[in-house]
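Here's the structure, in structure tokens; my notes come after.
Keep in mind the model is a prediction, meaning the values are calculated, not measured. Each ligand, and each atom within it, is numbered from 1 in the order the structure gives.
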Amino acid sequence: MLQLSTHPSGRHFLQIPGPTNVPDRILRAIDHPTIDHRGPEFGALGRSVLAGMRKIFRTEGHVVIYPASGTGAWEAALVNTLSSGDLVLMAETGHFATLWKKMAERLGIRVEFLPGDWRRAVDPKDIEAHLRKDARHEIKAVCVVHNETATGVTSDIKAVRDAIDRAGHPALLMVDTISSLGSIDYRHDEWGVDVTVAGSQKGLMLPPGLSFNAVSSKALAASEKNTLPRSFWDWQAMITSNETGYFPYTPSTNLLYGLHEALEMLFAEGLETVFARHKRHAEATRRAVRAWGLEILCSDPERYSPSLTAVMMPEGHGADAFRKVVLEHFNMSLGQGLSKVKDKVFRIGHLGDINDLTVCGTLAGVEMGLELAHVPHQKGGVQAAMAYLAEQSEVRSRPLQE
Ligand code: PLP
């Protein structure tokens, strides 16, 4: 017998902090015949996306693109630069920093893990103090997450770089930008980052499946000396093939068509405008949260994330039951709380291809969900966000067209 399923009208609101909504333009770009990745056409595509990604990372150095999720690019950063038994310094900003640490340990790397309460950013003073104590330069790398997707806290990477320099320490600096690249200002070269890790499914507005390393010459030199085994993740093979726009193994051809389109969209909007848009939408979201009388997980207003906001549930109310109500009633996915903050917070993603009305729709879904799930709150969150967005309208200051 035919199973009739209901069809929810309208578009699903994917307001998790990645994967994000994939714009129609990008979906259409992906929807093309796959070409020969060793044929004449492919090289131009490869060269173009590699050059575009260099602009996104703000680097003149090498960018490597893997057919893998972000976790693969984490592994690539570690296995290309380190040897078994090496010591690295990491900071417990939240779930993703903890996962990266666990991965390092599984690879035979020793980790000094600076403890954190999952509400604050990396403390550059703490990094400096630890590096100063390491007079024998045993620490080979400092690895930090730029934007902790589990908590909505953004760390100051320039300040971390300055801390390393003040300590006069030669450690490499490796940074995870999986939920910041293409949404939050980031400068690989200027901030002296050695390896930047990124993924396709957040600020780059693509489906999951591509990940990236931006590599400094210092990191490349380290990769020639270290002894951790690697094959699939090997930078050297990639960089050699990439010189002509090709890859040492089969790339994700169709995702690269999508990446080409995503880069055109980001450059047409202008990176500065993209970053300002994310900041505005984050501020509108926070105004709504405050109006509801709920608490933001990030405890330092200087370090609020422009790409997502994690909201704490009032005592006695589960975030997962609330998210279920929102999904069932409004066809909207909100991010769940991960590990230590499971069921204690929900996360509103405001990154990628969104505009003022997407934000208003999202916040309306949250406000109605709070009501339906009987979560104590005050009304007026959406109103507060609307007032801010109208007052700070992006086009207000533009001259009127004749
Ligand atoms: N790092 C951060 C900051 C993330 O947000 C994620 C995923 O959300 C990862 C790493 C892991 O990436 P992936 O799930 O694409 O393997």
Side-chain angles (χ1 to χ4, degrees), residues 14-22 57 64-79 88 90-107 111 113 116 118-122 143-157 160 173-184 186 193 195-214 232-233 252 255 258-259 262 278 282 297-298 303-310 333-342 345-352:
L14 183 63
Q15 297 308 134
I16 60 174
T20 60
N21 294 288
V22 181
F57 282 111
V64 173
I65 306 178
Y66 294 107
S69 82
T71 303
W74 262 352
E75 181 157 340
L78 299 174
V79 297
V88 300
M90 291 178 152
E92 187 196 0
T93 44
H95 177 72
F96 290 101
T98 308
L99 285 186
W100 202 10
K101 171 212 178 231
K102 285 185 183 157
M103 170 189 274
E105 287 172 341
R106 279 198 296 269
L107 291 168
V111 180
F113 203 37
W118 290 43
R119 299 192 68 176
R120 282 174 299 127
V122 176
C143 304
V144 291
V145 175
H146 183 208
N147 187 68
E148 178 52 79
T149 324
T151 61
V153 180
T154 308
S155 288
D156 184 342
I157 300 305
V160 173
L173 173 59
M174 307 217 235
V175 182
D176 170 342
T177 64
I178 288 178
S179 59
S180 56
L181 196 79
S183 304
I184 305 175
Y186 186 78
V193 181
V195 186
T196 300
V197 173
S200 55
Q201 73 273 29
K202 306 202 190 228
L204 295 178
M205 307 174 288
L206 293 163
L210 291 181
S211 56
F212 310 85
N213 278 174
F232 181 82
W233 306 115
S252 298
L255 286 179
L259 177 59
H278 281 79
L297 181 63
C298 176
R303 308 268 39 110
Y304 283 147
S305 168
S307 59
L308 77 134
T309 301
S333 296
L334 294 169
Q336 68 181 113
L338 295 166
S339 48
K340 270 193 194 174
V341 289
K342 182 166 171 43
V345 305
F346 66 91
R347 294 171 298 149
I348 304 173
H350 31 76
L351 73 165

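Between Q201 and L210 there is no side-chain heavy-atom pair separated by less than 4.5 Å.
Between Y66 and W233, the ring-plane angle classifies as perpendicular under the 30° and 60° cut-offs. The aromatic rings of F212 and F57 sit perpendicular, their planes meeting at an angle over 60°, well past the 30° parallel limit.
Using a 4.0 Å cut-off to heavy atoms of T149, the atoms of ligand 1 that qualify are 2 (C), 3 (C), 4 (C), 5 (O). Interface of D176 with ligand 1, defined as ligand atoms under 4.0 Å from a residue heavy atom, comprises 1 (N), 2 (C), 3 (C), 10 (C). The T71 neighbourhood of ligand 1 comprises atoms 11 (C), 12 (O), 13 (P), 16 (O), with distances under 4.0 Å to a heavy atom of that residue.
No side-chain donor-acceptor contact under 3.5 Å links S333 to the backbone of L14.
The protein heavy-atom contact nearest to atom 8 (O) of ligand 1 is K202 NZ, 2.7 Å. Closest protein heavy atom to atom 9 (C) of ligand 1: F96 CD2, 3.5 Å.
A heavy-atom separation below 4.0 Å is not found between E148 and ligand 1. Heavy-atom distances between W74 and ligand 1 reach below 4.0 Å in at least one pair.
Geometrically, ligand 1 and G70 share a nitrogen or oxygen pair separated by less than 3.5 Å.
Inspection of the H146 and T177 side chains reveals no N or O donor paired with an N or O acceptor under 3.5 Å. A side-chain N or O of S179 and one of T149 form a donor-acceptor pair less than 3.5 Å apart.
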